[in-house]
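Just so you know, ligand 1 is whichever comes first in the structure, and atom 1 is the first atom listed for that ligand. The model shown is predicted, which means the values in this text are computed figures rather than measured ones.
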Amino acid sequence: MQGRLITFEGIDGAGKTTQLQWVRSWLADAGWARSLVATREPGGTGIGRHLRSVLLQVNDEVLDDRAELLLYAADRAQHIAQVIEPALAEGQWVLCDRFTDSTFAYQGFGRGLEMGLVEQSVRMATQGLQPDLTLWFDVDPEMAAKRRQDRAGGGTDRLEAAGLAFQKRTRQGFQELATQFPGRIVQVDGNQELEAVFVIVKEILEPRLKQWLSEDLMEVS
Ligand code: T5A
């Protein structure tokens, strides 16, 4: 059986985390005959949780954009080695809240770092590992900001504090990535109510998962 990596992407407050949790429960309850791992970046490992706090805490000291890029790469290299690759090797389905597209969208388009540098950092961290499927939750940046404000007990982290123009550039980045990789990245209209978004997500996932299961069966027989 072949492991599969499904990533959930979008700007801050796009609703990825909520949808990932719903997908996880749906897959577990519906008996899709495959064990699952749900994880996230940054912070999918113990070491990654230290890096996450450096990356997200608002601090008096300004984190240099290239240092930020390398910290995301370090988090990802550790995450792949410790969590993602072992799970894929066991034939599990890995649901990952953010992955490489976030680096291109945030550090490349949002921060404006040179794409060659971003690509290098991603290549070093992933050694070529790519998602099998990416759900891009596309939400109007103003609506996403409102959702974050309304969230109970929600503070503002360092990336959110970068402001609306930054989120707009990042959204544009996801748009360009979706155009560049139309087979892998599927756009989901995240502006609708949670339940309506989940219906779309299931419609996208069901045929893919069935296809993967039948590919596995063909490999076995
Ligand atoms: N980052 C990450 C980079 O810059 N480069 C990288 O390489 C990587 C990997 C991570 C930060 O790091 C950056 C991107 C991020 O800024 P995080 O805390 O993990 O930080 O941030 P997010 O992943 O953005 O998490 P959020 O929780 O802010 O956003 P989500 O996961 O998109 O949204 P979610 O599901 O938590 O929902 C937010 C709120 O909106 C409501 C939810 O109930 C919740 O209250 N909501 C909806 N309300 C109405 N209708 C809907 N359809 C809704 N969907 C969600």
With a 4.0 Å cut-off on heavy atoms, is G13 touching ligand 1?
-> yes
T103: numbered ligand 1 atoms lying under 4.0 Å from its heavy atoms = 6 (C), 7 (O)
Using a strict 4.0 Å threshold on nitrogen-to-oxygen distance, state whether E215 and R4 make a salt bridge.
-> yes
So, R111 side chain and Y106 main chain: donor-acceptor pair closer than 3.5 Å or not?
-> no
Considering only heavy atoms, does E193 approach ligand 1 within less than 4.0 Å through its side chain, its backbone, both, or neither?
-> backbone
Option with minimal heavy-atom separation from atom 17 (P) of ligand 1, where the choices are R98, R52, E195 = R52
Would you please determine whether Q192 falls within less than 4.0 Å of ligand 1 on a heavy-atom basis?
-> yes
Just say parallel, tilted or perpendicular for the rings of F198 and W22, cut-offs at 30° and 60°.
-> perpendicular
Polar contact flag for E41 and ligand 1 (N/O pairs, less than 3.5 Å) = no
Within 45° cone of F181 ring axis and under 6.0 Å: R184 NZ or CZ | yes
Contact atoms of ligand 1, heavy-atom distance to Q107 under 4.0 Å = 3 (C), 4 (O), 5 (N), 6 (C), 7 (O)
What closest approach, in Å, do D132 and G3 show between heavy atoms, and which atom pair accounts for it?
-> OD2-O, 4.2 Å
Is there side-chain contact between R40 and F8, with heavy atoms separated by less than 4.5 Å?
-> no
Using a strict cut-off of 4.0 Å, indicate which atoms of ligand 1 neighbour a heavy atom of T18.
-> 34 (P), 35 (O), 37 (O), 42 (C)
Nitrogen or oxygen of F99 less than 3.5 angstrom from that of ligand 1 = no
Side chains of V23 and L95 in contact at under 4.5 Å (non-hydrogen atoms) | yes
Return the option from R147, R111, Q19, Q167 holding the heavy atom at the smallest distance from atom 53 (C) of ligand 1.
-> R147
A144 backbone acceptor or donor facing D12 side chain under 3.5 Å = no
Per-atom filter on ligand 1: closer than 4.0 angstrom to a heavy atom of R151 are 26 (P), 27 (O), 28 (O), 36 (O), 38 (C), 45 (O)
Of the side chain and backbone of L56, name the one, both, or neither that has a heavy atom under 4.0 Å from an atom of ligand 1.
-> side chain
Close-contact set for ligand 1 against R76 heavy atoms, below 4.0 Å = 7 (O), 9 (C)
A student checking ligand 1 against G15 at a 4.0 Å heavy-atom cut-off should list atoms 30 (P), 32 (O), 33 (O), 34 (P), 35 (O), 37 (O), 54 (N), 55 (C)
How about E9 and S102: do any of their side-chain heavy atoms sit closer than 4.5 Å?
-> yes
Counting each atom of ligand 1 from 1 as listed, which ones have a heavy atom of L194 under 4.0 Å away?
-> 50 (N), 51 (C), 52 (N), 53 (C), 54 (N), 55 (C)
Test item: D138 side-chain N/O and G10 main-chain N/O as donor-acceptor pair under 3.5 Å = no
Examine R40 against ligand 1 and note whether any of their N/O atoms are separated by less than 3.5 Å.
-> no
